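Here the structure is laid out as structure tokens; the discussion comes afterwards.
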Amino acid sequence: MKLYDTYTSSIREFKPIDGNNVKVYVCGMTVQDSPHAGHLRTFTSFDILRRYLEYKGYKVSFVQNFTDIDDKIINKSKELGIDWRKIAYKYEQEYIQYAKLMNFKEPDFYPKATLHIQEIIEIIQSLINKGFAYVSNGNVWFDVSKFESYGKLSKKTIEELISGYRIEPDSSKKNPYDFALWKAYKENEPYWYAPFGRGRPGWHIECSAMVITHLGETVDIHGGAEDLIFPHHENEIAQSETYTNKKFSNFWIHTGFLNIKGEKMSKSTGIFLSAKDLLENYEPNVVRLFYIKAHYRTPLDFSEELLNDAKNSWNRVKNFLLEYSQDGKILTDILYKFEEAMDDNLNTPKAISVIFDAINLAYKNREIAIDVSWTIRFLLSILGFDINFQRTSNRLNEIMDIIIEIRHELRKNAQFELSDRIRTRLKDMGIVLEDTKEGTKWKVL
RNA sequence: GGCGACUUGGCCGAGCGGCUAGGCGGCGGUUUGCAAAACCGCUUUACCCCGGUUCGAAUCCGGGAGUCGCCUCCA
């Protein structure tokens, strides 16, 4: 299996460091606000990475954090007069709610920054002792000039960074590109005691602490969306590798953005679609299909039209699976093509085309349809789709039997107006009737 | 300004030097009481532009144009 690695800017063969065990760390949400559709795209990509690695037989340790302390959370707390912990908890729970809806496989652990303050302090103290960090006005800064390979992930040099620096540097820094490991206490802000003064962790350090605590000094895969390459992941590398003297991650995987009209979806610009709005209007399977119809590294534009395309595509899959819902056997030639696509840096658009090819084939060659359907169900489950959509109560089955029986009488007597009205009304509430030669079939959309 | 990614038919989107990608939409037909679902056919020489390499390039090389991202918080 091959994966694109940002660090080497190349597609490389993936091999776990430790036998069959794969350690994956994904940078999760800073719980400062409700999740939006862009977040869901990113985490869908990593959900599929994780599921596919497991399908390949690896034992995956999957950790995705919550950063539950930062400037925006504190500001919001001040603004609303609500304890910052309550705000963080609220958005954390919101994220988990949507993650469940999206059928993201639950991470082995959801660590939180504020539960790792001791580990953070230990790392910072070590960096100070090693001479890579310095205390200034109660802040602790990482001295970037000391870390030789700074910029190697984002392909930047310190010189370039200086020339491009666009904001007023903090006066307590030696160099404008030094970043905060620890922020000095300010009035009315949360703080913890540390040997170098009370304050709170800067952004970046919490991830290093959580990775090292839960997965170890070197992980197989570290990921996030592409906006994390710089400075977040660059800084994680600098502080972690200085602390451990070991390579921090074997692979760096970054996902493309979800855009709206070509512009990056982002809370700060106001251009975004909330997870709530998205999932109220489209079922999770459709959303998932929409996301993975594009490769995870390419930018993807959001629009109603494209969501509807995905919805119609999904209906084709669903219709096929509902028509052939019996147990069958796995067709290995389809499975092989699917694996070939997925092994190639998770080429989900190609993998989906394998599924549609198989459906087309089955419709033209119905004796294999049951096995094709069975195979597709298997493939969809690897991709994280929830295919148990036939859940209907016995009560509903009985009611539908009665309705269909009555409609049958009506149609026999050519009372089409009435029978059509029943069909239309049911369709409005999401129950579709199909009058076929073999009788009337129904399904819940 | 620096660095990076991208540019494929009406729309989305694979493609990694020769072999129909796939989906959605549209049109016509088969089927149906009408629908739905499905099937068949069509949607005519798709690959940003200009050079080059090659028997052969959407695919490789050079140049140009454009879009987006990162360089500040961001999935």
Side-chain angles (χ1 to χ4, degrees), chain A residues 6 9 11 26-30 32-33 35-46 64 70-72 75 95 151 154-157 159-169 177 203 223-232 234 254-259 262-269 272 289-290 293-295 297-301 303 305-306 308-320 322-323 341 344 347-360 363-364 366 411-412 414-417 419-420 423-424 427 432-437 440-443:
Chain A
T6 308
S9 306
I11 292 179
V26 176
C27 283
M29 300 261 307
T30 297
Q32 47 163 326
D33 215 329
H36 64 234
H39 296 121
L40 297 185
R41 183 194 183 194
T42 299
F43 299 122
T44 298
S45 300
F46 286 105
Q64 181 180 323
D70 91 326
D71 293 357
K72 286 190 181 171
N75 290 343
Y95 172 79
S154 54
K155 316 288 180 289
K156 294 175 193 300
T157 65
E159 293 71 36
E160 285 164 14
L161 286 167
I162 294 170
S163 69
Y165 211 85
R166 293 183 307 201
I167 59 163
E168 202 57 34
Y177 38 88
W203 187 42
E226 60 177 321
D227 52 355
L228 295 183
I229 296 172
F230 191 91
H232 187 58
E234 195 69 65
H254 294 99
T255 59
F257 294 132
L258 183 65
N259 297 330
E263 303 279 325
K264 177 184 173 183
M265 187 179 289
S266 165
K267 269 275 158 65
S268 52
T269 57
F272 71 95
L289 182 62
F290 165 71
K293 275 175 76 175
H295 184 79
R297 281 179 45 80
T298 64
L300 172 65
D301 220 53
S303 72
E305 191 193 348
L306 293 175
N308 276 322
D309 283 0
K311 188 180 174 182
N312 292 336
S313 298
W314 180 246
N315 273 144
R316 180 166 173 82
V317 175
K318 208 159 151 182
N319 279 324
F320 175 71
L322 286 169
E323 189 164 354
D344 180 16
N347 191 338
T348 51
K350 188 75 189 278
I352 286 165
S353 82
V354 170
I355 289 171
F356 279 101
D357 279 340
I359 291 173
N360 293 340
Y363 272 132
K364 282 165 197 172
R366 309 242 176 178
R411 292 171 65 227
K412 228 163 65 180
Q415 290 187 270
F416 298 123
E417 199 193 319
S419 64
D420 287 357
R423 190 171 59 194
T424 309
K427 195 185 175 192
V432 175
L433 295 185
E434 294 175 3
D435 296 318
T436 72
K437 272 189 181 135
T440 300
K441 295 175 181 172
W442 67 278
K443 62 191 173 194

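Within every chain, numbering begins at 1; the chains are lettered A, B, ... in the order of the sequence lines, protein sequences first and strands thereafter. Here the structure is a predicted model, which is why all the values come from computation and not from measurement.
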- Message: Please give the distance between the C1' atoms of B/U54 and B/G18 as a whole number of Å.
- Response: 12 Å

- Message: Please determine whether any donor N or O and acceptor N or O are separated by less than 3.5 Å between the side chain of A/Arg41 and the base of B/A75.
- Response: no

- Could you work out which one of B/A21, B/A37, B/A75 sits closest to the side chain of A/Leu258? B/A75

- Task: Using a cut-off of strictly less than 4.0 Å, decide whether A/Arg411 has a side-chain nitrogen or oxygen near OP1 or OP2 of B/A35.
- Result: no

- With both distances under 3.5 Å as the test, what is the Watson-Crick or G-U wobble partner of B/A36? none

- Message: Assess the residue pair A/Phe356 and A/Arg316 against the criterion (side-chain contact (heavy atoms from CB on, under 4.5 Å)); give the C-alpha distance rounded to whole Å, side-chain angles, the decisive distance to 0.1 Å, and a yes or no.
- Response: CA-CA 9 Å; A/Phe356 279 101; A/Arg316 180 166 173 82; 4.0 Å; yes

- Message: Any strand counts, and the cut-off is 3.5 Å on both contacts for Watson-Crick or G-U wobble. Which nucleotide pairs with B/C42?
- Response: B/G26

- Does the side chain of A/Asn360 get closer than 4.0 angstrom to OP1 or OP2 of B/G23 through an N or O atom? yes

- Message: Is there a side-chain contact (heavy atoms from CB on, under 4.5 Å) between A/Glu263 and A/Phe257? Walk through the geometry before answering.
- Response: CA-CA 9 Å; A/Glu263 303 279 325; A/Phe257 294 132; over 6 Å; no

- Item | P spacing across the pair B/C16 / B/U7, given as an integer number of angstrom | 14 Å

- Query: Does atom NZ of A/Lys293 have more than 12 heavy-atom neighbours from other groups under 6.0 Å away?
  - Reply: yes

- Query: A/Leu289 has an atom CG; how far is it from atom C1' of B/A14, in whole Å?
  - Reply: 14 Å

- Of the candidate nucleotides B/G33, B/C71, B/A75, which contains the atom at the shortest distance from the side chain of A/Phe257? B/A75

- A/Lys318 NZ - B/G23 P separation (whole Å): 19 Å

- Query: Which value, in whole Å, describes the distance between the P atoms of nucleotides B/G23 and B/C61?
  - Reply: 32 Å

- Message: Taking only the C1' atom of each, what is the distance from B/U20 to B/G64 in whole angstrom?
- Response: 34 Å

- Considering only side-chain heavy atoms of A/Leu161, which listed nucleotide, B/C71, B/A14, B/G25, is closest? B/C71

- Message: Applying the side-chain contact (heavy atoms from CB on, under 4.5 Å) criterion to A/His254, which one of A/Thr42, A/Ile229, A/Asp227 satisfies it?
- Response: A/Ile229

- Considering only heavy atoms and no angle criterion, is a donor-acceptor pair shorter than 3.5 Å present between the side chain of A/Asp420 and the base of B/G33? yes

- Give a yes-or-no answer on whether the side chains of A/Asp70 and A/Thr30 include a donor-acceptor pair shorter than 3.5 Å. no

- Query: How far, in whole Å, is B/C48 from B/G9 if one measures between their P atoms?
  - Reply: 8 Å

- Query: For the side chain of A/Arg423 and the base of B/C34, is some donor closer than 3.5 Å to an acceptor across the two?
  - Reply: yes

- Message: Regarding A/Lys350 and A/Asp344, does a basic nitrogen lie under 4.0 Å from an acidic carboxylate oxygen?
- Response: no

- Consider the side chain of A/His36, meaning its heavy atoms from C-beta on, and name the nucleotide among B/G69, B/A75, B/G33 that approaches it most closely. B/A75

- Interatomic distance where CG belongs to A/Asn315 and P belongs to B/A36 [whole Å]: 13 Å

- Message: Can you tell me which nucleotide in B/A75, B/G13, B/G22 comes closest to the side chain of A/Leu300?
- Response: B/G13

- Item | Nearest-nucleotide pick for A/Gln32, side chain only, options being B/A75, B/A38, B/G22 | B/A75

- What does A/Asn259 touch in the nucleic acid at a heavy-atom separation under 4.0 angstrom: a base, only the sugar-phosphate, or nothing? nothing

- Partner of B/A21 under the Watson-Crick or G-U wobble criteria, both distances under 3.5 Å, comes out as none

- Between B/G26 and B/C19, how far is it from one P atom to the other, in whole Å? 31 Å

- Base-pairing mate for B/G4 - Watson-Crick or G-U, with both contacts under 3.5 Å: B/C68

- Which value, in whole Å, describes the distance between the P atoms of nucleotides B/G17 and B/G63? 22 Å

- Message: With the stacking rule set at 5.5 Å and 30°, tell me whether A/Phe356 counts as stacking on B/G23.
- Response: no

- When you measure from the side chain of A/Leu306, which nucleotide among B/C73, B/C68, B/C12 comes out closest? B/C12

- For the side chain of A/Asp344, starting at C-beta, report the closest nucleotide among B/C16, B/G33, B/A75. B/C16

- Message: B/G23, OP1 or OP2 - any side-chain N/O from A/Asn312 closer than 4.0 Å?
- Response: no

- Message: Counting only side-chain heavy atoms from C-beta out, which of B/A75, B/G23, B/A21 sits nearest to A/Lys350?
- Response: B/A21

- Query: Pick the nucleotide of RNA chain B nearest each of A/Val432 and A/Ser419; which residue has the one closer to the 5' end?
  - Reply: A/Ser419

- Note on the structure: Considering only heavy side-chain atoms of A/Phe43, the closest of B/A75, B/G23, B/U32 is B/A75

- Task: Would you kindly check whether a donor in the side chain of A/Lys72 faces an acceptor in the base of B/C73, or vice versa, at under 3.5 angstrom?
- Result: yes

- Item | From A/Glu234, A/Glu160, A/His232, residue fulfilling side-chain hydrogen bond (donor to acceptor under 3.5 Å, both in side chains) relative to A/Ser154 | A/Glu234

- Message: Which is more 5' along RNA chain B, the nucleotide nearest A/Pro299 or the one nearest A/Phe46? Just name the residue.
- Response: A/Pro299

- Message: I'd like the C1' distance from B/A21 over to B/C55, given in whole Å.
- Response: 26 Å

- Under 4.0 Å between a side-chain N/O of A/Asn347 and OP1 or OP2 of B/G13, yes or no? no

- Message: Set out, in order, the CA-CA distance, both residues' side-chain angles and the distance that settles side-chain contact (heavy atoms from CB on, under 4.5 Å) for A/Leu300 and A/Arg41, then state yes or no.
- Response: CA-CA 9 Å; A/Leu300 172 65; A/Arg41 183 194 183 194; 3.6 Å; yes

- With heavy atoms under 4.0 Å as the rule, sort A/Gly38 into base, sugar-phosphate or nothing. base

